[in-house]
Undergrad: 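Before we start, here is the structure in question, set down as structure tokens.
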Protein chains: 2
Amino acid sequence: MRVLGLIGGTGWPSTRDYYELLNQTAQRRKGGLSGVELRLWSFDFQKLLDQTGGDAATLTIAFANAAKALEVAGAQVIALSSATGHLFADQLKDERIPFVSLPIACAQQLAFLQVKRVLILGTKMAIEGGVFNQSFESMDITIAPLPKDLQVALDLAIFDELEHAAPSTKCAYAIQEINAFCKLHSIEHVLLGCTELRPQLFINAKLDSTITLHDSTEIHVNRIVEFLET
Amino acid sequence: MRVLGLIGGTGWPSTRDYYELLNQTAQRRKGGLSGVELRLWSFDFQKLLDQTGGDAATLTIAFANAAKALEVAGAQVIALSSATGHLFADQLKDERIPFVSLPIACAQQLAFLQVKRVLILGTKMAIEGGVFNQSFESMDITIAPLPKDLQVALDLAIFDELEHAAPSTKCAYAIQEINAFCKLHSIEHVLLGCTELRPQLFINAKLDSTITLHDSTEIHVNRIVEFLET
């Protein structure tokens, strides 16, 4: 298997989940004490935001520099352990080593499952920034627009609870609103399009059984491991 | 805070725990979306064992090379996310950037708590290799010798269950034997001296209330974060 260069820490709970899932997947496939051989560049998220002021161009350069350093440390494939981070991944596509994109992996997987319309849950920054748009358009999958109040509820759940690995009432409220919205608009497929929106989110509430849930982190991790094996 | 270079993947569950604890500790201290800025070199444990045959000199060189690569990637402090790994840490003490040792951190903490005698639970490789001996002797703390059958039970719990993140009957049996041994020899302090021996171990059984438990991972992580802050 090739060596993975992972860029993470934005935020750390999703990077922990990636590290665990990547290694579990490799161990299940190869047995014994196997894992993924990887180099991780993990930012201090708060420091990164303070230093860059959230400026896209500066963040894009920071991610590209991290990728270059990981390549020097032996990485042969690059991935980000954050969906929102893909807003700043433009330069990663031009690096010498391949970049495994989360939006492309998700669009390919949903197209394979013949999904035509999906609600994508993510941070305001990722959704309004259009992280998923191009990849899903090219696969002829319609993204149902997320209403403003639901986006606000989601961001509160993500930044106030999930980034602190402490899901509680804000997560439960977000799930309740998602259920109501999907029922009203007959939406059958929901993609968890933010790496913080993992099983943790569903501790205090459940999605309606009419909804098929797709986990971008799981899809991305499987794609990365397949890629490392080729 | 300084940038941490962490060497892990031996095995991956303990590295995941380190990553989580380091970031939780930093976030608790600094607030917001703060975490530890770190570079991780994570081995595929099975591949490393297959390539080196477990040879100490070869493993020592592999760890030293990882430390050098992490320094190039910006690390200012080095640590290992594995107690057993400290058997191969000799060259890390001679690197240009400081190395935060787990055995030294534990011996200092137990001396501070005025512990005079302790049972240390770890892998056969770590315990027989004497990972803790020198650090504890220098602090005048006696290490109670672990009987052979208890060591066997512990290694089965670690390698068959905890390295797969799946604690079950072998962990419960090990705890039962530890309780019996401590009662017989009036041992009041037990150090979890293997990074896999974390709260997971205690899902199916509990230590007697007469025993004070010390967690080497927690002690080590606190020492690392203090070190990054100086």
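Order of the sequence lines sets the chain letters (A, B, ...), proteins ahead of strands, with each chain counted from 1.
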Undergrad: Could you tell me which residues in residues 43-67 of chain A have at least one non-hydrogen atom under 4.5 Å from a non-hydrogen atom of chain B, sorted by residue number?
TA: A:F43, A:D44, A:F45, A:Q46, A:K47, A:L49
Undergrad: Less than 4.5 Å to any heavy atom of chain A: does that hold for the side chain of B:T10, its backbone, both, or neither?
TA: neither
Undergrad: Checking an interface table here. Which of residues 72-81 of chain A come within a heavy-atom distance under 4.5 Å of chain B?
TA: A:V72, A:A73
Undergrad: More than 12 non-hydrogen atoms from neighbouring residues, nucleotides or ligands closer than 6.0 Å to CZ on A:F159, yes or no?
TA: yes
Undergrad: Using a 4.5 Å heavy-atom cutoff, which residues in residues 27-39 of chain B come close to chain A?
TA: B:Q27, B:K30, B:G32, B:L33, B:S34, B:G35, B:V36, B:E37, B:L38, B:R39
Undergrad: Are there over 12 heavy-atom neighbours, none belonging to B:F181, within less than 6.0 Å of that residue's CZ?
TA: yes
Undergrad: Could you check whether atom CD of A:Q108 has more than 12 heavy atoms from other residues, nucleotides or ligands sitting under 6.0 Å from it?
TA: yes
Undergrad: Any chance you could lay out the side chain to side chain contact (heavy atoms under 4.5 Å, CB included) test for A:Y19 and B:Y19, step after step, and finish with the verdict?
TA: CA-CA 9 Å; A:Y19 183 80; B:Y19 184 80; over 6 Å; no
Undergrad: What residues, two or more places apart in sequence or in another chain, satisfy salt bridge (charged side-chain N to carboxylate O under 4.0 Å, His left out) together with A:E20?
TA: B:R16
Undergrad: In Å, rounded to the nearest 0.5 Å, how long is the span from OG of A:S42 to CG of B:L6?
TA: 10.5 Å
Undergrad: Check whether more than 12 heavy atoms from other residues, nucleotides or ligands sit under 6.0 Å from atom CD of B:Q134, and answer yes or no.
TA: no
